[in-house]
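Basis for what follows: all heavy atoms, side chains included, without hydrogens, waters or symmetry-related copies. The chain is numbered in sequence order, starting from 1.
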Amino acid sequence: MATYTETPVRELPFIAGAPREPHSTTTFEAVNPANGEVIAHVADCDAVDIDRAVQASVAAQREWMSWDAGRRVGVLLRFADAVERHRDVLGETDTRNMGRVLREAQGDGAASARLIRYWAGQVDRMTGHQIPANPGHLSYTTREPLGVIGVIMPWNGPVGSFCSRVAPAIACGNAAVVKPSEMSPLSALRLAALLSEAGAPEGLVNVVTGGGATGAALAEHPGVGGVTFTGSVPTGRRIAHAAAETFKKTVLELGGKSPNIVFEDADLDAAGRGAVWGVFNNAGQVCVAGTRLLVQRSIAPAFIEQLARRAERIRVGDPMDAKTHMGPLASRQQFERVSHYLQIARDEGARVLSGGGRPQGAHSDGLFVEPTVLTEVSQSMRVAREEIFGPVLSVIVFEDEEEAVSLANDVEYGLSANIWTRDLGRMHRMAERIQAGTVWGNTMRLHHPTLWFGGIKASGQGSAYAEGAIEGATRVRRVTIRFDETAPMPAWNDLNV
Ligand code: NAD
């Protein structure tokens, strides 16, 4: 597998089991955000390339479903082993492509292998029901694949995003066309090759690189039965519109502005550690980052001070260095977006308690931003309401449970929420009243393949995990057979001849 010793390389889309010359002749650069180095020239594929990939998927899906379930399980298990074996180079690929610290990027491969094995275990569990509805009849349902799933990915956790979307799609009997983000396309190309080597039919999973137009061509393609999209709210809206034209099923995992609510009776040390990791990990480029710290007034001064001290100890720098906590932002565009929000915060009157600029000693071409804590934030400010997707924490003080609920729910998003309290009654009351698809109590961002994960409100619909992924990748067929000829039958039964 390529380790990028000879850079920059030319990257081709992976279609029908191999890298193929694309129809499109344009390319874009993959850039290392830690130092500005161009590491690859990547094909900017067009609608013709998407169509080729969909055609390859259609044929491969038929072959895939003609195989015995045990053989399909074998492919998934070998793929999981390969992801685990290659996790170091996969992690390095992501780190060099989008700046996530190497230790965590490599951890993503191990977690992904675990998730793929979970889906291998689901292959022969795509069952329907037998329903005792009408005497003399057999009624049953079957669960069927949609055919081809379009997977459109963001850039913030490329290996994990690929595996967590592709594994359920193929476990449910589909083929997939993956459009990775133009900011981090490289690991998806490696993963598709590994899946092919694991014995998948040629074309079962294709990777077509490109930007928004390539994604749009995939979402619009009539040969695609479902789209699983992970990304921003505006793009999610466009995809939902495109999918509606041909009635595709969609799973939409969109943005967030997740509240992290700390009550005075919480384990404040754990809450402090959780709050800092929960917002600054991956330089804040995490959909469920706890970007709004809601802290109860009685403990606010001490808690905020503790938080700022922790934030100042975060080591920002070279993501390849094992001691680094936080790397650069993933792209110039993201760097400018976060810098713009820091200016908005100042203009709106928020106080920059810590951070707020470029870290000292950072590579001059690196896209680094300090972990930033904003205080004196009010609910009406943009930094309290809009997703920044960077290392910026907005702190808001509340009086009581009622106010915490009202602040937590007063945004368009509903992805996740975190609650810290030792009062069990309060924990359950809050969990019930907060508008979020996932609620964590006294912990943050804990995932598991068996657990639903999805947003509500503008944060999306459905779940790419657990039962939601099956729902999003399959449809149900009902069959009713009258086996008893004496059983009543709906017809004009008086038309005797
Ligand atoms: P984005 O919406 O800009 O892009 C996501 C993907 O959509 C990219 O591959 C892009 O090329 C593609 N795209 C752009 N325009 C398109 C169009 N018109 N049709 C089809 N595809 C199109 O998002 P991003 O900046 O890459 O990712 C950050 C966002 O993703 C944040 O909002 C974050 O919260 C969200 N996110 C959500 C989850 C989740 O599970 N809920 C996970 C990770 C990231």
Side-chain angles (χ1 to χ4, degrees), residues 100 104 107-122 149 151-172 176 178 181 226-233 235-236 239-240 249-261 274 277-279 281-282 284-292 387 389 408 411-419 430-432 434-474:
R100 186 172 186 184
E104 287 167 13
D108 215 12
S112 295
R114 161 85 182 85
L115 181 133
I116 297 163
R117 290 188 186 112
Y118 167 82
W119 283 106
Q122 300 301 309
I149 305 279
V151 178
I152 302 177
M153 287 171 36
W155 39 263
N156 57 336
V159 167
S161 285
F162 181 100
C163 296
S164 60
R165 274 55 174 180
V166 165
I170 62 177
C172 291
V178 180
S181 168
V227 177
T228 171
F229 170 72
T230 312
S232 65
V233 174
T235 311
I239 285 173
K249 264 195 166 181
T250 53
V251 172
L252 301 173
E253 302 234 347
L254 310 180
K257 190 77 185 173
S258 298
N260 186 23
I261 309 166
W277 176 80
V279 68
N281 163 262
N282 206 20
Q285 302 162 115
V286 176
C287 55
V288 288
T291 49
R292 291 188 293 149
E387 187 183 44
F389 221 56
V411 287
E412 68 167 326
Y413 298 101
L415 189 59
S416 68
N418 313 275
I419 304 161
M430 294 293 292
E432 196 175 73
I434 299 275
Q435 295 164 351
T438 301
V439 177
W440 283 290
N442 295 332
T443 187
M444 293 184 84
R445 293 176 38 192
L446 191 67
H447 293 280
H448 193 274
T450 57
L451 295 173
W452 172 279
F453 171 69
I456 61 170
K457 295 163 71 179
S459 294
Q461 59 187 27
S463 161
Y465 289 78
E467 68 271 30
I470 297 175
E471 198 47 54
T474 58

Asks: How far apart are the closest heavy atoms of C287 and N156, and which atoms are they?
Replies: N-ND2, 4.0 Å

Asks: Calculate, to the nearest 0.5 Å, the distance between atoms CG and CD1 belonging to L254 and I456 respectively.
Replies: 12.5 Å

Asks: Taking all atoms of both residues into account, what is the closest heavy-atom pair of L115 and P449, and its distance?
Replies: CA-CG, 4.0 Å

Asks: Let me confirm one number: the CG-CD distance from N281 to E104, rounded to the nearest 0.5 Å.
Replies: 4.5 Å

Asks: Quick one: closest heavy-atom pair of A240 and L252, and the distance?
Replies: CB-CD1, 4.1 Å

Asks: Does the distance from a Lys or Arg side-chain N to an Asp or Glu carboxylate O, for K257 and E412, drop under 4.0 Å?
Replies: no

Asks: Mind listing the closest non-hydrogen atom pair of A464 and T228 along with its distance?
Replies: CB-OG1, 4.5 Å

Asks: Are the side chain of K457 and the backbone N or O of L415 linked by a donor-acceptor pair below 3.5 Å?
Replies: no

Asks: When you compare the side chains of T230 and R165, does any donor N or O come within less than 3.5 Å of an acceptor on the partner?
Replies: yes

Asks: Yes or no on side-chain contact (heavy atoms from CB on, under 4.5 Å) for V178 and V166, after CA distance, side-chain angles and deciding distance?
Replies: CA-CA 8 Å; V178 180; V166 165; 3.7 Å; yes

Asks: Search all heavy atoms of S161 against all heavy atoms of M153 and return the closest pair with its distance.
Replies: CB-CE, 4.0 Å

Asks: Look at the side chain of N260 and the backbone N and O of A417, then say whether any donor-acceptor pair between them is shorter than 3.5 Å.
Replies: no

Asks: Any side-chain to backbone donor/acceptor pair from T235 onto G231? Under 3.5 Å, distance only.
Replies: no

Asks: When rounded to the nearest 0.5 angstrom, what distance separates CZ in F229 from CD1 in I239?
Replies: 4.0 Å

Asks: Nearest 0.5 Å, please: how far is CE in M430 from CD1 in I419?
Replies: 5.0 Å

Asks: Does the gap between the ring centers of W440 and H447 come in under 6.0 Å?
Replies: yes

Asks: On a heavy-atom basis, which atom in Y465 and which in L451 lie closest, and how many Å separate them?
Replies: CB-O, 3.4 Å

Asks: Would a distance-only check, ignoring hydrogens and angles, find a side-chain to backbone donor-acceptor pair under 3.5 Å from R292 to A408?
Replies: yes

Asks: Think R445 forms a cation-pi with W277, using NZ or CZ under 6.0 Å from the six-ring centre and within 45 degrees of its axis?
Replies: yes

Asks: Between E387 and T291, do the side chains contain a donor N or O and an acceptor N or O under 3.5 Å apart?
Replies: no

Asks: Could you tell me if the ring centre of F389 sits under 6.0 Å from that of W155?
Replies: yes

Asks: Hey, mind stepping through D108 and F162 against side-chain contact (heavy atoms from CB on, under 4.5 Å) and telling me if it holds?
Replies: CA-CA 11 Å; D108 215 12; F162 181 100; over 6 Å; no

Asks: Nearest 0.5 Å please: distance from the CH2 atom of W452 over to the OG atom of S463.
Replies: 5.0 Å

Asks: Do the non-hydrogen side-chain atoms of K249 and V227 ever get within less than 4.5 Å of each other?
Replies: no

Asks: CD of E253 to OG of S459: how many Å apart, nearest 0.5 Å?
Replies: 10.0 Å

